[in-house]
Every structure is written in C-alpha cells, then in structure tokens.
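Below: the structure, in structure tokens.
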Protein chains: 2
Amino acid sequence: MFIEIDFNSDEALYLQLRNQIILGIATDQFHEGESLPSVRNLADIIGINMHTVNKAYTLLKQEGYVKVDRRNGAVIAVDANQALTLEEIRRELQVTLAKSSCKNITREEIHTLVDEIYDQMGYREI
Amino acid sequence: MFIEIDFNSDEALYLQLRNQIILGIATDQFHEGESLPSVRNLADIIGINMHTVNKAYTLLKQEGYVKVDRRNGAVIAVDANQALTLEEIRRELQVTLAKSSCKNITREEIHTLVDEIYDQMGYREI
DNA sequence: AATAGTGTTATATTCATCATATAACAGCAA
DNA sequence: TTGCTGTTATATGATGAATATAACACTATT
C-alpha cells in the first residue's frame, strides 16, 4: 500500500485518494479481485476521516473501478465501459494538448511523453 | 468569440473560462498580440460577474498565456516556459493514462486519439 | 480639464463543498 | 455474541465559488 497524500495540495483529499488508487490499479499494485483496506482502516493509516475515504470509494464504485459488498469491502473489479471512458479521456486530453500546444510542445514530444509514462510507470496493457 | 460555458457543470466557471481561452489560443482563434475582451465586457457577454472573469484572466497571467497592461487589457502573449509546463503536462497525463489503462484502452488507441484531437481541433504546431 | 475606458483592490454576502465528528443501522463471518 | 464490513443520518467549522457594490490608479480620447 503506497498511497501518497499531499495535505498542502489544493486538490481535494478524496480526489487525491481516488487518483492514487486508479494509479495503483494501472500499475498492478492492486490486482483484479483484491480487496482494498476497509474505510476505517485506510482512514487510520493515512490519518484522515473515515467519510473522506468512503467518499473516494463511492466515487470509484460509480466510475466502475471497484465493486462493493459487505463481506470483503471494496474489491477491484474494473468494468471496461469504453464508450463512457473514451469521451472522458478525450475531453481531458483536449485541454491538456491545448496547453502543450500553446507552450510550443510538439505533437511528437507528446507521443514520446505518452510512451515514457507507459514505460516508466509500467501501466498494464492487455 | 466562441466561448461555451456550461452552467450545469460542476467545474468552476472561472476554470471553464480559462480552459476555453487556452483552447482558443491553441486553435488560433486568439492570435498572439490580440486583446481579449475587457473583464466587464466579457462578463456581460457571457452573463457572469466581472470578478469571475477577472479571476480567469489573473490565472491566465500567472500561467503565462497573457500579459496585462492598462491600455489594452489582457493581451495574448504566450511565454513558452517548457520546464514548468512539461511537468504539469506529465502529471495530468499520468492520471489520464492510468484511467485509460484500467479501462483496457490500449497505448496505440491513445496515440491515435492524440493525433485525432490534433487534426480535428487544428492545434497550432510550430 | 473632463470623460470614459482599462485592470486592480477592498469589503461583504450567499451558497456549495470539503473534511471532520459522533452515532447508529444492516449484513456477514467466526 | 462479537467483530468486522459498507452505509446512512446529522451536525459543525473551514474554505472556496460567485455574486454585488464601490472605489482606486492609469491611459487614451474628446
């Protein structure tokens, strides 16, 4: 369990936590079928409130990264609903690429950066 | 001036406005040296408060997309400080690519998507 | 000199969200 | 029964978003 929370960041704690868990899934730190710590447990580990963790878990459930039952808590179970996700990815990329274009970062540099991130982070590929 | 603000979005108005202007610069809708509308003028056009526009302009100034003087208001003047920007782009891409990886969107599909966005949006390339 | 247009600053208010706290409930397993 | 899950309810303090009114400093035009 490596979850880094920056208490000085202006990003909401529950969003940082959600993003860190998504990163954990992509890097196979959390495997399909594995349970995440309970909301109370993880709250104690990080040192934040139970409800903040619960908010992150609820969001992860809505977005289709985990499924929840009362026996095992939040279980990694990615449902690959590409239709919804691809539109979200497109919107995010549109803004990110607009920024880079304004700053004279080339299209080729973006392609290189994508490959660098994939290789350095070791994102799982089917 | 095509600026679309979604009043039902959960994204803050001043951030939407800032992103739309960055998109406008990247698509050469706003050219280097051109002035943006005054804060009061744009506020009237969109139908929001002057301070909300001012907040977006101040942020754009801090991020190096415009420079401001009292004669001509907010003038498009991109300073290409790549060092700072590249780190920001990397952080944003890390999370976006983690999401897509979880949803079984392949690396090749991302590369294709990047090219699609560049071509469809017509982002300026040096 | 006067007027009108810039961005900027100050102050205040309303509203929503974030993060916290305490408490209880329903379901499952040992 | 006991102890662990997620879930819900309610409340509170802090922060930020968006608004409103007002004024200030500077510049260009009349």
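Since we're looking at a predicted model, the values are computed, not measured. Sequence lines set the chain letters: A, B, ... in the order given, protein chains first and strands last, and positions in each chain run from 1.
- Residue B:R40 places no side-chain atom within donor-acceptor reach of the base of C:dG5, judged by atom type and a 3.5 Å distance cut-off alone.
- A sub-4.0 Å separation between OP1 or OP2 of D:dG6 and a side-chain N or O of A:T58 is absent.
- Annotation: of the two residues near DNA chain C, B:V39 and A:L15, the 5′-most nearest-nucleotide partner is B:V39.
- For B:H51 against D:dT21, a side-chain-to-base donor-acceptor contact under 3.5 Å is present.
- For A:N49, a side-chain nitrogen or oxygen approaches OP1 or OP2 of C:dA21 to under 4.0 Å.
- Two residues are said to be in side-chain contact when any heavy atoms from C-beta on lie closer than 4.5 Å; A:Q16 and A:F7 fail this criterion.
- Cation-pi contact between B:K99 and A:Y65: absent, since separation from the ring centre below 6.0 Å together with deviation from the ring axis within 45° is not met.
- By the neighbour-count criterion of 12 heavy atoms within 6.0 Å, atom CD of B:E11 is densely surrounded, having more than that number from other residues, nucleotides or ligands.
- Residue B:Y57 has no polar side-chain atom (N or O) positioned under 4.0 Å from OP1 or OP2 of C:dG7.
- One finds no side-chain N or O of A:S38 lying less than 4.0 angstrom from the OP1 or OP2 phosphate oxygen of D:dC4.
- Each of D:dT19, D:dG6, C:dA19 was ranked by its minimum atom distance to the side chain of A:T52; first place goes to C:dA19.
- Regarding contacts with the backbone of C:dC18, a side-chain N or O of A:K55 is found under 4.0 angstrom from either OP1 or OP2.
- Among the protein residues, B:K67 comes within range of no part of the nucleic acid, since none of its heavy atoms lies under 4.0 Å from any strand.
- A sub-4.0 Å separation between OP1 or OP2 of D:dG6 and a side-chain N or O of A:N54 is absent.
- The residue among B:G47 and A:A74 whose nearest nucleotide of DNA chain D lies closer to the 5′ end is A:A74.
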